[in-house]
K.L.:
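I have a structure I would like to understand better, so I am pasting it below and will then ask my questions one at a time.
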Protein chains: 2
Amino acid sequence: MFSIDLTSRIPIYEQIYENIISLIVKGTLAENDQLPSVRAFAKDAGVNPNTVAKAYQELERTGIIYSVPGRGSFIAKPDSSVFQNAVLTEFDNAAMACADRGIDKQVLAEHLDNIYTKHGKGEKL
Amino acid sequence: MFSIDLTSRIPIYEQIYENIISLIVKGTLAENDQLPSVRAFAKDAGVNPNTVAKAYQELERTGIIYSVPGRGSFIAKPDSSVFQNAVLTEFDNAAMACADRGIDKQVLAEHLDNIYTKHGKGEKL
DNA sequence: ATAGATGTACTATCCGATATAGTACACCCC
DNA sequence: GGGGTGTACTATATCGGATAGTACATCTAT
């Protein structure tokens, strides 16, 4: 259910963080759904419970989940802006890097078309 | 002349690598221009010569510069594709992450517009 | 009340990538 | 020959991330 890449440069706890968000956006996880426990997640993913705990704490800090001592962790009321800010910043940075290297805007526009058609989403235009 | 961020998550040698490419794309560095020596660069940037050497070796490995033993390092014949592949991949990844979070394609298109107008480039359309 | 599961906190340790330090070598130009 | 160059190599230091282990308070279920 969760895809973790141990070899990535991106820290595991960040991958978990992004993974949860992704599942919420995709609708797999909805408001008040219970997350796997820190220990269960850790066992399933083959990582240390502390690493999962770190991800959960970060998710709670940003208001994406809420944790009840003794009960578990649950999805908070989804707020799309929380999810979108980070990736939009990434997008801007990537686009600026492309501009710096003299890549035409039209080329990037074409890439956008390909991505949004392949993903079968964003056909709201 | 070179901007290095010691606090960044990105390794210094990668920053140097990107820095050189950026200067080539911007036209500040042209074919056969000589780069500062490993030791000079290191002193100027306040880093270890080995770190600069690592960046230069990577630049030579990818064909962006060429080094002449005893002479110095020089800009090779620019091949834009070498510069653009990496940033285009980054762009695609960022765009896909946005799509995964349900961001409208049109929103990204607007971001592109802003970036390319602010940068005063890419007005070739 | 008891047992078990939960999130959380804390310390200690390990590991890998990165960066640094220092030295050495071969090459080229003046 | 002297000084500059890129390159190679070993060793050390540092830092973030991950792990290991323990402990505690809280909740649920029995």
Side-chain angles (χ1 to χ4, degrees), chain A residues 1-21 24 29 31-76 86, chain B residues 1-21 23-24 29 31-76:
Chain A
M1 184 172 186
F2 301 97
S3 59
I4 305 297
D5 179 9
L6 288 315
T7 71
S8 170
R9 170 185 297 180
I10 298 161
I12 297 175
Y13 72 90
E14 274 194 29
Q15 294 186 46
I16 296 174
Y17 182 95
E18 293 296 329
N19 238 307
I20 302 294
I21 291 180
I24 295 175
L29 291 175
E31 188 176 356
N32 294 326
D33 276 357
Q34 182 166 11
L35 289 172
S37 78
V38 168
R39 293 171 178 84
F41 194 133
K43 186 177 181 182
D44 184 65
V47 299
N48 192 282
N50 289 328
T51 305
V52 182
K54 188 172 184 178
Y56 279 22
Q57 287 163 11
E58 203 65 10
L59 284 164
E60 187 175 22
R61 199 184 62 80
T62 50
I64 296 170
I65 71 174
Y66 63 92
S67 297
V68 184
R71 292 280 321 280
S73 297
F74 308 86
I75 307 296
Chain B
M1 184 174 186
F2 301 95
S3 58
I4 305 296
D5 178 10
L6 289 314
T7 73
S8 170
R9 170 185 298 181
I10 299 159
I12 297 176
Y13 71 90
E14 275 194 28
Q15 293 186 47
I16 295 174
Y17 182 94
E18 294 295 329
N19 238 309
I20 302 294
I21 291 180
L23 291 175
I24 295 174
L29 292 175
E31 188 175 355
N32 294 326
D33 277 356
Q34 182 165 11
L35 288 171
S37 77
V38 168
R39 294 170 178 81
F41 194 131
K43 185 177 182 181
D44 183 64
V47 297
N48 192 281
N50 288 329
T51 304
V52 181
K54 188 172 185 179
Y56 278 22
Q57 287 163 11
E58 203 64 12
L59 284 164
E60 187 175 22
R61 198 184 62 81
T62 51
I64 295 171
I65 71 173
Y66 63 92
S67 297
V68 184
R71 293 282 320 283
S73 298
F74 308 86
I75 307 295

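FYI, side chains are in, hydrogens and waters are out, and symmetry mates aren't considered; it's all heavy atoms of this structure. Naming convention: chains lettered A, B, ... in sequence-line order (proteins, then strands); numbering from 1 in each chain.
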K.L.:
Can you measure Y17(A) atom OH to dG17(D) atom C1' for me and round it to whole angstrom units?
P.N.:
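Between C1' of dG17(D) and OH of Y17(A): 18 Å.
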
K.L.:
Just N and O in the side chain of Y13(B): are any of them under 4.0 Å from OP1 or OP2 of dA19(C)?
P.N.:
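Y13(B) to dA19(C) OP1/OP2: no side-chain N or O under 4.0 Å.
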
K.L.:
Is a donor-acceptor contact shorter than 3.5 angstrom present between the side chain of R9(A) and the base of dG17(D)?
P.N.:
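No.
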
K.L.:
Compare every heavy atom of Q15(B) with every heavy atom of S8(B), then report the nearest pair and how far apart it is.
P.N.:
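Closest approach of S8(B) to Q15(B), heavy atoms only: CB-NE2, 3.5 Å.
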
K.L.:
Please report the C-alpha distance between L59(B) and Y56(B) in whole Å, then the side-chain angles of each, then the deciding distance to 0.1 Å, and finally whether the side chain to side chain contact (heavy atoms under 4.5 Å, CB included) criterion is met.
P.N.:
CA-CA 5 Å; L59(B) 284 164; Y56(B) 278 22; 4.3 Å; yes

K.L.:
Looking at CZ of F41(A) and CD1 of I4(A), how far apart are the two atoms once the value is rounded to the nearest 0.5 Å?
P.N.:
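Going from CZ on F41(A) over to CD1 on I4(A), the span is 5.0 Å.
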
K.L.:
If you take all heavy atoms of G63(B) and A76(B), which pair is closest and at what distance?
P.N.:
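Heavy atoms only, the tightest pair is O-CB, 3.6 Å.
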
K.L.:
Measure CD1/I65(B) against P/dG6(D) and give the value in whole Å, please.
P.N.:
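These atoms are roughly 9 Å apart.
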
K.L.:
Report the distance from atom CD1 of I4(A) to atom C1' of dA18(D), rounded to the nearest whole Å.
P.N.:
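Distance, rounded to whole Å: 13 Å.
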
K.L.:
On a heavy-atom basis, which atom in I75(A) and which in Y66(A) lie closest, and how many Å separate them?
P.N.:
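I75(A) and Y66(A) have their closest heavy atoms at O-CE2, 3.4 Å.
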
K.L.:
Taking for each residue the nucleotide of DNA chain C with the nearest heavy atom, is it R39(B) or G46(B) whose nucleotide lies nearer the 5' end?
P.N.:
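That would be G46(B).
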
K.L.:
For the atom pair CG (N48(A)) and OH (Y13(A)), what is the distance rounded to the nearest 0.5 Å?
P.N.:
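Answer for the CG-OH pair, N48(A) versus Y13(A), is 15.0 Å.
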
K.L.:
If I take atom CZ in residue F41(A) and atom P in nucleotide dT8(C), what distance separates them, rounded to the nearest angstrom?
P.N.:
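Distance check: F41(A) CZ to dT8(C) P gives 15 Å.
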
K.L.:
From the set dT28(D), dT7(D), dC29(C), return the single nucleotide nearest to any side-chain atom of S67(B).
P.N.:
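For S67(B), the side-chain atoms sit closest to dT7(D).
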
K.L.:
Choosing from dT20(C), dT19(D), dG17(D), which nucleotide comes nearest the side chain of P11(A)?
P.N.:
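Nucleotide nearest to P11(A)'s side chain: dG17(D).
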
K.L.:
Write down the distance between CG (L35(B)) and P (dG4(D)), rounded to a whole number of angstrom.
P.N.:
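Interatomic distance, CG of L35(B) to P of dG4(D): 19 Å.
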
K.L.:
Could you state the CD1-C1' distance from I12(B) to dT18(C), rounded to the nearest angstrom?
P.N.:
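Distance check: I12(B) CD1 to dT18(C) C1' gives 8 Å.
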
K.L.:
Let's see if you get this right: which residues in residues 48-64 of chain B place a heavy atom under 4.0 Å from DNA chain C?
P.N.:
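Heavy-atom cutoff 4.0 Å gives N48(B), N50(B), T51(B).
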
K.L.:
Between C1' on dA25(D) and CZ on R71(A), what's the gap in Å once rounded to a whole number?
P.N.:
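My rounded result for the distance is 16 Å.
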
K.L.:
Rounded to whole angstrom units, what separation is found between the NZ atom of K43(A) and the P atom of dT19(D)?
P.N.:
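Distance, rounded to whole Å: 16 Å.
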
K.L.:
Between G70(A) and I10(A), who's closer to the 5' end of DNA chain D by nearest nucleotide?
P.N.:
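Nearest-nucleotide comparison on DNA chain D picks I10(A).
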
K.L.:
Let's go through F2(A) and I16(A) carefully: what are the C-alpha distance in whole Å and the side-chain angles of both, what is the deciding distance for side chain to side chain contact (heavy atoms under 4.5 Å, CB included) to 0.1 Å, and is it a yes or a no?
P.N.:
CA-CA 8 Å; F2(A) 301 97; I16(A) 296 174; over 6 Å; no

K.L.:
At under 4.0 Å, does any side-chain N or O of S37(A) touch on OP1 or OP2 of dT6(C)?
P.N.:
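Yes.
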
